[in-house]
Amino acid sequence: MSRFRPLPLAFYRRPAEAVARDLLGRYLVRELDGERLALRLVEVEAYLGRDDPASHAFRGPTRRNASMFLAGGHAYVYFVYGMHWCVNVVCGAEGQPHAVLLRAGEPVDGAARMAELRELGRPPRRREIAGGPARLAEALAIDRAFDASTLWRGPLRLTHGDPVADTEVVRGPRIGVDYAGEAARWPLRFAVAASPELSKPLRRG
DNA sequence: TCGACGATCATCT
DNA sequence: GATGATCGTCGAG
């Protein structure tokens with residue numbers, strides 16, 4: 001099935017804003033214990049590296065953000081609030097720390113296993129499986145072990161999926177980056193308008 | 001349905 | 001020593 005063919009390296013070697021838009025509808029695929037878990041990406045955010053006060057790379061390289069400086073096509077996985085993991089797709093050329101935060105996805109394969117991994121202790125509502133960056137990471141059992149991993153091959157991959165038309169895409173300000181001043185309002189959050197599984201509502205405009 | 005709040009710790013200053 | 005690219009719960013409406 002061509003939907004599960006990995007995206008080519010050239011896909012990632014562009015500025016984060018372009019990659020973010022094109023990631024909508026693609027599949028994030030995780031091989032776990034011989035089972036395929038797949039999410040259709042419906043919400044992402046672009047972070048523009050050294051030019052972006054909201055980016056973890058704004059102040060240059062540190063131990064935490066080192067993988068952002070790898071060539072596009074790697075993962076940047078970080079730990080926040082003492083308990084959550086979040087997954088980014090590194091973009092651009094090596095040394096250009098652009099990245100796209102994966103904020104929400106709809107289960108395509110392995111929804112039951114994802115629900116277990118979320119450990120909610122009750123049947124999850126749809127958006128509770130992967131409707132949020134930390135939920136998405138937990139649903140696919142992604143943690144520090146995937147930081148700096150390759151996304152074009154290996155147990156965590158990005159594949160062609162079902163690309164979405166411009167008419168289905170909405171954009172708006174990024175979530176949770178008020179500390180970044182004016183940059184918090186840059187419209188770098190992209191979502192599939194029709195999806196019921198966004199981390200937060202995002203209206204057209 | 002919504003807003004407030006606490007949990008919890010690696011990383012950076 | 002301060003702080004987060006968050007989430008789940010709780011109480012009010």
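Letters go in sequence order (proteins before strands), and every chain restarts at 1.
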Query - Pairing of A:R157 and A:E31 as salt bridge, 4.0 angstrom limit - result: yes
Query raised in the report: With the threshold set at 4.0 Å, does a side-chain nitrogen-carboxylate oxygen contact exist between A:R189 and A:E43?
Result: yes
Query raised in the report: Is the NZ or CZ atom of A:R13 positioned over A:F11's six-membered ring, under 6.0 angstrom from the centre and within 45° of the axis?
Result: no
Query - Face-on cation placement of A:R174 at A:Y47 ring, 6.0 Å and 45° thresholds - result: yes
Query raised in the report: Is the ring centre of A:F79 under 5.5 Å from the base ring centre of B:dA10, and are the two planes under 30° apart, so that they stack?
Result: no
[options]: which one has an atom nearest the side-chain heavy atoms of [X]?
| X | options | answer |
| --- | --- | --- |
| A:H84 | C:dC7, C:dA5, C:dG8 | C:dC7 |
| A:R122 | C:dA5, B:dT13, C:dT9 | C:dT9 |
| A:R63 | C:dA5, B:dA10, B:dC12 | B:dC12 |
| A:L120 | B:dT11, C:dC7, C:dG8 | C:dG8 |
| A:Y47 | B:dC12, B:dA10, C:dA5 | C:dA5 |

**Report entry** Closest approach of A:D147 to A:S67 (non-hydrogen atoms, all atoms of both residues)
**Finding:** OD1-OG, 2.7 Å
Please state how far atom [atom1] in [X] lies from atom [atom2] in [N], giving the value in whole angstrom units.
| X | N | atom1 | atom2 | value |
| --- | --- | --- | --- | --- |
| A:E138 | B:dA7 | CD | C1' | 14 Å |
| A:D143 | B:dC9 | CG | P | 15 Å |
| A:R127 | C:dT6 | CZ | C1' | 16 Å |
| A:M68 | B:dT11 | CE | C1' | 15 Å |
| A:M83 | B:dT8 | CE | P | 6 Å |
| A:D147 | B:dA10 | CG | C1' | 13 Å |
| A:R125 | C:dT9 | CZ | P | 12 Å |
| A:F58 | C:dT3 | CZ | P | 18 Å |

Is the phosphate of [N] approached by [X] (side-chain N or O, under 4.0 Å from OP1 or OP2)?
| X | N | answer |
| --- | --- | --- |
| A:Y179 | C:dA5 | yes |
| A:R118 | C:dC7 | no |
| A:R135 | C:dG8 | yes |

Mind checking [X] for me? I need base, sugar-phosphate or nothing, with any heavy atom below 4.0 Å counting as a touch.
| X | result |
| --- | --- |
| A:A134 | sugar-phosphate |
| A:R189 | nothing |
| A:R103 | sugar-phosphate |

Query raised in the report: Who is the Watson-Crick or G-U wobble partner of B:dG3, with both distances under 3.5 Å?
Result: C:dC10
Report summary line: With A:Y27 as partner, the option from A:D109, A:D162, A:T159 fulfilling side-chain hydrogen bond (donor to acceptor under 3.5 Å, both in side chains) is A:D162
